[in-house]
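Scroll down for the structure; my scribbles are underneath it.
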Amino acid sequence: MFEAFGSVDDALLQERVVVKDPPSAYLSKLRQLIDPKLLSNKAKSLTKLKLKSSDNSATSTQVLRNLETSLRTNNIEWVREFLNDDNSGLDVLIDYLASRLLQIKGDVSQNGSSSNGNGTSSGNGHEKNGNSHDSTHKSLRLSRSSATKRLDQLSDDVHVCVLCLRAIMNNKFGFNMVISRSDAINYIALSLVHKSLRTKALVLELLAAICLVKGGHQMILAAFDHFKMVHQERHRFETLMHYFRHFEAFSIDFMVACVQFINIIVHSVDDMNYRVFLQYEFTIIGLDEYLEKIRHHESEELTTQIAAYLDNVFDVTALMKDAEISHAALERVQEVEDELSHAQERVRNTENAALGKIACLENRLTDLSKERDDLRVLHEHTDHELSTLRRTYTQKDEESRRLLTAKMGELEHLQQRIRSDSGGSDLAHSGTALSFVAADPSQKVSTDFLPPPPPPPPPPPPGFGVGLGVGDGKRSHLNGATPGGLSFGRDQSFVPPPPPPGPGMPDSALGGNHSRLSTIHVK
């Protein structure tokens, strides 16, 4: 899990001896070295039970080194035994780290005050004799030397405690136990005050690993909030930035770990506004200026981390301009949406009106179609009647023509009989004229072209009586009349027709014969 961690002591890397001591052996030694005020209740009870069997021959740093080797090289069952409820190894380790950090903070404060006191006493040293002045300086040098030695030992203990925590976090079971303890993460973050840049790099790598798990980002920010409160920082991450910019000896491992940690803290957040907020926190403590200053460093790993941070930085000014443009665009979009809604409403109204008109037109079309069908039926019926009438008219016309032809034939036959009986050509001419008049009664025939009527017949000889007329049936039968209306004398001899009229005689000279012909034609 932590292959990218910085280098540790060569002796620790080369040490592969499996330690056979149980976890309780290490824990009993550590409990004796912890300030009783810092122990938890469970750790205090375990300390009282195992205090007599402890071995005080080894130093605290050596005990921690042996514990780190066991945690790193033994199997997972040994680590589980170290962390179980009976041993509570994680609680003891955290309490020991807290006690050493507290002692380091006290020693640093005491050394600072003693240095100020030394300056004051040296300022007043001219009023004392030389022997007392030399003895004072000697005692101060001895106390300073012992304080420095004690501070170095405490610093080593803190470093090895962090290594032990890394060994515990190197498996899933131990990692979950560490991140479930907020105080463990807080004391890991407080270990940044260690004077060694190697320890600082190790702490930052552990915090970066925690930040990458679910919920770890908030844990790390809470740990640095606690750090800010303990060390009374004006801004969060201020101490970290101070170590990053001002270092006594340059360490590329620490520089890379620091930039990598900042990258993870700032750019592992999904919320853009929160990323801008975290980015601004580092901007106000001078990160951007310093990264621009060292971005062309000869270390490829460092320049890669710096480029990764700068490439992912949000330009707040550009974001503000984009926000203004976006706001204006949103307003315009709202206006367009309002216009679009009004236009859609107008379209709907137009569509409704058009649908109403279409419905009316469809109804009108239905009525017109029905009327057209009715008219078509009426037209067919009328055509049928017209064709019937035409056929009837044609039949009647043909019948009339046949009847007329028959009548004309009868008339011609009668005329021939009359001509043959009269024996004169004048009567034939008169018959032709009469036939012409009978064929077309509407035409008026001029009398100038008619032949003159025949002369009146001679009087009949005595004893012969001729009667023309139509009487009733009895009389005609008794008198020997024919069914045609012609009656003869008793001797029933044929009476010849009268002679044709002479030239220049009027039509009336024809007398009864002419009327008879007219009567026959009419029939």
Side-chain angles (χ1 to χ4, degrees), residues 179 182 185 204 207-228 233-238 240-241 244-245 256 258-296 302-365:
I179 64 175
S182 60
I185 301 175
L204 290 175
L207 296 177
I210 296 172
C211 188
L212 291 175
V213 301
K214 185 178 180 180
H217 191 272
Q218 294 298 327
M219 296 178 188
I220 299 301
L221 293 180
F224 275 92
D225 287 334
H226 179 262
F227 188 98
K228 176 183 176 182
E233 294 178 322
R234 292 181 56 191
H235 303 286
R236 191 167 55 178
F237 306 110
E238 188 176 45
L240 174 63
M241 193 63 198
F244 183 54
R245 298 184 65 176
V256 172
C258 192
V259 179
Q260 182 181 9
F261 172 75
I262 295 173
N263 262 326
I264 294 174
I265 283 291
V266 176
H267 300 309
S268 63
V269 182
D270 295 331
D271 188 359
M272 186 182 69
N273 293 328
Y274 197 34
R275 285 179 63 180
V276 172
F277 168 74
L278 294 173
Q279 175 186 312
Y280 182 71
E281 275 194 288
F282 284 98
T283 299
I284 61 178
I285 58 179
L287 176 64
D288 295 346
E289 298 176 357
Y290 190 67
L291 289 181
E292 288 292 338
K293 184 178 179 180
I294 64 172
R295 67 180 302 178
H296 300 294
L302 179 59
T303 55
T304 301
Q305 293 294 332
I306 294 173
Y309 178 82
L310 295 178
D311 292 342
N312 291 290
V313 165
F314 286 114
D315 189 352
V316 180
T317 304
L319 288 176
M320 292 297 294
K321 292 181 179 179
D322 293 341
E324 292 177 358
I325 296 173
S326 177
H327 182 68
L330 290 176
E331 290 181 352
R332 178 57 183 163
V333 168
Q334 186 63 35
E335 293 177 359
V336 172
E337 287 180 351
D338 294 338
E339 294 177 358
L340 180 60
S341 63
H342 294 319
Q344 289 176 348
E345 185 175 359
R346 291 195 298 270
V347 169
R348 285 193 296 270
N349 295 333
T350 305
E351 287 179 351
N352 294 332
L355 290 175
K357 291 182 179 179
I358 290 173
C360 294
L361 292 174
E362 287 179 350
N363 294 332
R364 178 60 179 163
L365 179 61

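In this chain, numbering begins with 1 at the start of the sequence shown.
The structure places CD of Glu292 at 5.5 Å from CG of Leu310, a figure rounded to the nearest 0.5 Å. Separating the CD1 atom in Ile185 from the CD1 atom in Ile210 is a distance of 4.5 Å, to the nearest 0.5 Å. One distance of note links CG of Leu212 with CG of Leu207; it measures 11.0 Å at 0.5 Å rounding. Atom-to-atom distance recorded for His235:NE2 and Leu240:CG is 14.5 Å, nearest 0.5 angstrom. Within the model, atoms CG of Asp225 and CD of Glu233 stand 10.0 Å from one another, a figure rounded to the nearest 0.5 Å. The NE2 atom of His296 sits 9.5 Å away from the CD1 atom of Ile306 when rounded to the nearest 0.5 Å.
Put simply, the side chain of Asn263 gets close to the backbone of Tyr309: a donor and an acceptor are under 3.5 Å apart. Looking only at distances, no side-chain donor or acceptor of Ser326 sits under 3.5 Å from a matching main-chain atom of Ala323.
Salt-bridge formation is not detected for the pair Arg348/Glu345: no Lys NZ or Arg NE/NH1/NH2 atom is positioned less than 4.0 Å from an Asp or Glu carboxylate oxygen.
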What do the steps show when you test Gln334 against Glu337 for side chain to side chain contact (heavy atoms under 4.5 Å, CB included), and what is the final call? CA-CA 5 Å; Gln334 186 63 35; Glu337 287 180 351; 3.6 Å; yes

Is there a side chain to side chain contact (heavy atoms under 4.5 Å, CB included) between Ile265 and Phe237? Walk through the geometry before answering. CA-CA 11 Å; Ile265 283 291; Phe237 306 110; 4.3 Å; yes

Please determine whether side chain to side chain contact (heavy atoms under 4.5 Å, CB included) holds for the pair Glu335 and Arg332, giving the CA-CA distance in whole Å, both sets of side-chain angles, and the decisive distance to 0.1 Å. CA-CA 5 Å; Glu335 293 177 359; Arg332 178 57 183 163; 3.3 Å; yes

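Looking at every heavy atom in both residues, Gln305 comes nearest to Gln260 through OE1-CA, 3.5 Å. Looking at every heavy atom in both residues, Leu204 comes nearest to Cys258 through CD1-CA, 3.6 Å. The two residues His267 and Val313 make their nearest non-hydrogen contact at CE1-N, 4.0 Å. A pairwise comparison of heavy atoms in Arg236 and Lys228 identifies N-CD, 4.0 Å as the closest pair. Nearest heavy atoms, Val269 versus Arg275: O-CD, 2.9 Å. The shortest heavy-atom contact between Leu278 and His217 is CD1-CE1, 3.8 Å.
For Tyr274, the OH atom sits in a packed shell: over 12 heavy atoms of surrounding residues, nucleotides or ligands are nearer than 6.0 Å.
Qualifying ring pair (Phe, Tyr, Trp, His ring centres under 6.0 Å) partners for Tyr290, counting only residues two or more places apart in sequence or in other chains: Phe244.
Ring orientation note: the planes of Phe224 and Phe227 are tilted relative to one another, at an angle of 30° to 60°.
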